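Working notes, beginning with the structure itself.
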Number of protein chains: 2
Amino acid sequence: MTEATERPARQPSMADVAKTAGVSAQTVSRALRNSPNVTPETRKRVLAAVEQLGYRFNNAARVLSSGRSHTIGLVLLQSGGYYSRAAVTAGVEAAAGEAGYAVSIATIASLDTGMMERSLSKLADQGVDGIVIAVPLISVTRKMEDITRDIPTVTLDGSRTSSARSLGIDQQEAGRVATRHLLDLGHRQVWHVAGPDEWIEARRRRQGWQQALAEAGIEAPPPLEGDWSPDSGYRQGQILARIPDVTAVFAASDEMAFGVIRALREHGRKVPDDVSIVSVDDIALAAYCCPPLTTVRQDFYQSSSAAVALLLEGDDAGVTEVVVPASLSVRASTAPPRSS
Amino acid sequence: MTEATERPARQPSMADVAKTAGVSAQTVSRALRNSPNVTPETRKRVLAAVEQLGYRFNNAARVLSSGRSHTIGLVLLQSGGYYSRAAVTAGVEAAAGEAGYAVSIATIASLDTGMMERSLSKLADQGVDGIVIAVPLISVTRKMEDITRDIPTVTLDGSRTSSARSLGIDQQEAGRVATRHLLDLGHRQVWHVAGPDEWIEARRRRQGWQQALAEAGIEAPPPLEGDWSPDSGYRQGQILARIPDVTAVFAASDEMAFGVIRALREHGRKVPDDVSIVSVDDIALAAYCCPPLTTVRQDFYQSSSAAVALLLEGDDAGVTEVVVPASLSVRASTAPPRSS
DNA sequence: GTTACGTATGTCATCGATAACATAAGCTCA
DNA sequence: TGAGCTTATGTTATCGATGACATACGTAAC
């Protein structure tokens with residue numbers, strides 16, 4: 001290009017803005033951070049200079065000097081329901097964004113603690129101001145404790161280190177409500193297709209199921225275990241379909257319920273005429289299953305926003321555990337038993 | 001605490017490590033970055049000191065001095081399919097992680113360009129080294145161009161600014177393949193439930209549908225437009241169910257297909273006996289729809305990893321557009337027309 | 001009319017890693 | 001053996017914003 005002399009395309013710095021506006025760099029800093037002690041007139045000049053130069057503040061420098069990155073880390077598990085992961089990501093990002101925080105994510109591939117430690121280290125390296133752990137891991141290692149002691153941490157539906165606060169949907173209640181619904185319809189027994197036992201929410205939902213049965217004086221049948229996928233629900237459904245007196249099933253997730261229903265249908269068991277089924281999550285497709293699923297709604301978006309709020313409000317609050325309630329959406333996959 | 005004197009809990013710095021290891025800070029830096037010119041012996045001493053002090057490098061300082069943040073930004077749209085968003089996030093994060101990059105996300109709530117600009121600015125402020133835009137936005141504004149000129153950018157299934165490279169699944173081909181499948185089965189006409197027209201993939205899939213019909217010498221009926229949700233599919237399905245000669249439908253997403261199928265069934269039209277339906281995505285639940293959906297598989301995970309690879313390999317490659325092919329999964333929602 | 005205080009702004013050192021340059025030691029080859 | 005190169009390490013300046021402190025001015029109070 002034969003243009004006029006141009007500076008070597010360096011991003012303008014605060015000093016450049018200061019020079020243009022005829023003030024000091026510190027004043028620019030103050031003006032941009034809405035410090036009270038700046039004349040409106042000065043602020044206007046600074047903002048004009050910012051606009052003119054296309055100035056963009058350098059986050060790294062800010063972090064280095066102030067020690068705070070205005071970034072929070074989010075740890076997610078790669079497997080498991082797509083739906084909940086997407087909802088959690090969106091919820092965290094929205095709440096963080098509103099508070100002026102960026103979100104850095106770390107996805108871990110499996111539930112082992114080594115991966116978990118590496119992810120936390122990675123986020124710690126980035127200098128995040130806080131961490132939301134959305135991994136339903138039960139065991140917590142010493143190294144994880146080390147990191148969560150240094151950085152404020154909130155676990156979402158997961159295990160609690162002694163230094164992290166936690167928040168979650170009341171999964172046990174979700175399991176109890178689902179099971180109660182079936183019992184209230186007149187079913188004498190409720191079978192359960194559970195999630196993997198390492199998952200805390202799977203365990204809690206199972207406990208809720210057991211609790212509801214116990215309260216009704218019913219001995220729980222052995223639970224069948226899936227891996228959250230529709231496919232695993234299908235496999236367990238093939239087993240359930242072969243047990244004659246099954247009239248009611250509580251599946252630990254909508255996706256597994258889809259699989260269970262297909263297996264039952266293939267074996268000639270109609271839903272809800274022969275077998276009622278209730279599950280948990282209320283994903284968008286739940287209403288479009290055939291039949292539409294009765295399911296316990298989980299507001300991931302809301303609970304994850306709440307997790308961020310909890311994280312940002314600091315330790316002062318003294319709150320260490322928050323529980324978000326779950327509510328039942330009754331649709332067409334449940335009905336009274338035929339012979340009741 | 002009446003413990004012995006402890007330093008005021010400051011994170012150890014490279015200088016501390018250097019002192020402990022008996023070398024200079026620069027050598028520590030080199031050792032940790034696997035610079036070739038470090039004696040194995042020295043490196044060992046440094047690593048031992050790192051271990052002993054629990055040293056963790058300060059990313060902000062690194063960014064400030066090297067100008068590179070080892071972070072890439074990911075821009076996502078909050079609405080639209082949960083499934084694809086989760087898959088894209090996972091794919092980007094995995095590929096980035098493998099290359100030693102962190103991922104910072106910015107979700108935008110709506111398709112307007114103002115939000116888009118703000119998200120890009122936010123990422124630019126954070127000093128990301130590159131940006132993956134997974135937003136199927138068509139219009140591109142000047143401000144967006146400004147940012148994508150400064151920072152390497154790859155768009156995933158989206159619009160191309162002149163400065164961003166792009167990569168995507170061949171959506172037009174996906175639409176063509178889906179439509180051809182129905183025509184090959186003997187259907188004389190194929191109706192279409194499209195995605196929102198501002199979405200590039202919706203538009204391309206529609207074009208593929210039109211192309212396939214044109215190649216067969218068939219005039220395309222007016223497309224019906226949904227918003228990707230199962231609910232919108234249901235509403236359009238109620239219209240289709242009232243048109244007697246509809247025997248084949250191409251839905252632009254699996255989720256909408258679920259809705260269409262339910263509406264058809266409620267109106268007594270059987271799938272696939274009366275109406276065949278094919279869609280796009282191949283989400284996990286597609287095989288558990290009733291009937292199981294014939295659908296065009298989209299490998300979001302792979303294409304998003306590829307996007308990161310494209311981003312990181314730099315401009316040198318000269319590649320500006322990569323297209324990932326799509327493949328058909330034939331299941332039970334399509335069949336030859338009854339009277340053919 | 002001096003003291004005291006508040007407000008607006010400037011100066012300087014600092015955060016921690018790194019690039020650029022400097023140095024010292026070891027090696028090769030004429 | 002010493003010029004010339006390579007390799008390992010040290011020294012110094014630097015990135016850009018900010019906290020702590022300093023200064024200059026105005027205004028209220030005695």
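Naming: A, B, ... by sequence-line order, numbering from 1 per chain. Quick caveat: nothing in here was measured; it's all calculated off a predicted structure.
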**OP:** Return no unless some side-chain N or O of B:T39 is found under 4.0 Å from OP1 or OP2 of D:dT9.
**Re:** yes

Subject >> Residue-phosphate contact under 4.0 Å: A:R33 side-chain N/O, D:dG19 OP1/OP2 >> reply: yes

Subject >> Nearest-angstrom distance from the residue atom CG of A:N58 to P of C:dG16 >> reply: 17 Å

Original post:
Using a distance-only test with no angle check, is there a side-chain donor-acceptor pair under 3.5 angstrom linking B:Q78 and B:T107?
Top reply: no

Original post:
Given atom CG of B:L32 and atom P of C:dG16, what is their separation to the nearest angstrom?
Top reply: 16 Å

**OP:** Report the nucleotide, chosen from D:dA8, D:dG16, D:dG10, that has the shortest atom-to-atom distance to any side-chain atom of B:Q26.
**Re:** D:dG10

**OP:** May I ask you to check whether A:T39 and A:R43 show a side-chain donor-acceptor distance below 3.5 Å?
**Re:** no

Original post:
OP1, OP2 of C:dT9 versus side-chain N and O of A:T27: anything below 4.0 Å?
Top reply: no

Original post:
Does A:R30 get its side chain close enough to the base of D:dG19, under 3.5 Å, for a donor-acceptor pair?
Top reply: no

Original post:
At under 4.0 Å, does any side-chain N or O of B:N37 touch on OP1 or OP2 of D:dA8?
Top reply: yes

Original post:
Is it true that A:E93 and B:K122 have a side-chain N and a carboxylate O under 4.0 angstrom from each other?
Top reply: yes

**OP:** Calculate, to the nearest 0.5 Å, the distance between atoms CD1 and CD1 belonging to A:I72 and A:I105 respectively.
**Re:** 12.0 Å

**OP:** Please tell me which of the listed nucleotides, D:dT18, D:dA17, C:dT18, lies nearest to the side chain of A:F57?
**Re:** D:dA17

Original post:
Between C:dT9, C:dT18, D:dA17, which nucleotide has the shortest distance from any of its atoms to the side chain of A:Y55?
Top reply: D:dA17

**OP:** Would you please confirm or rule out a distance under 4.0 Å between OP1 or OP2 of C:dA19 and any side-chain N or O of B:R68?
**Re:** no

**OP:** Would you kindly compare B:A25 and B:S65 by the position of their nearest DNA chain D nucleotide and give the one closer to the 5′ end?
**Re:** B:A25

**OP:** Please work out if A:V28 contacts a base, only the sugar-phosphate, or nothing of the nucleic acid, heavy-atom cut-off 4.0 Å.
**Re:** nothing

**OP:** Could you walk me through whether A:R33 and A:S29 pass the side chain to side chain donor-acceptor pair (under 3.5 Å) test, one step at a time?
**Re:** CA-CA 6 Å; A:R33 280 181 298 155; A:S29 171; 2.8 Å; yes

**OP:** Would you mind reading off the distance between A:K19 atom NZ and D:dG16 atom P, rounded to a whole angstrom?
**Re:** 12 Å

**OP:** Give A:V23 one of three labels, base, sugar-phosphate or nothing, depending on what nucleic acid heavy atoms sit under 4.0 Å from its own.
**Re:** sugar-phosphate

Original post:
What integer distance in Å separates B:L53:CG from C:dG16:P?
Top reply: 14 Å

Original post:
Taking CG from B:L64 and P from D:dG16, how many angstroms apart are they, rounded to a whole number?
Top reply: 7 Å

Subject >> Earlier contact from the 5' end, DNA chain D, for B:R43 and B:S66 >> reply: B:R43

Original post:
What nucleotide among C:dG16, C:dG10, D:dG16 has an atom nearest to a side-chain atom of A:S24?
Top reply: C:dG10

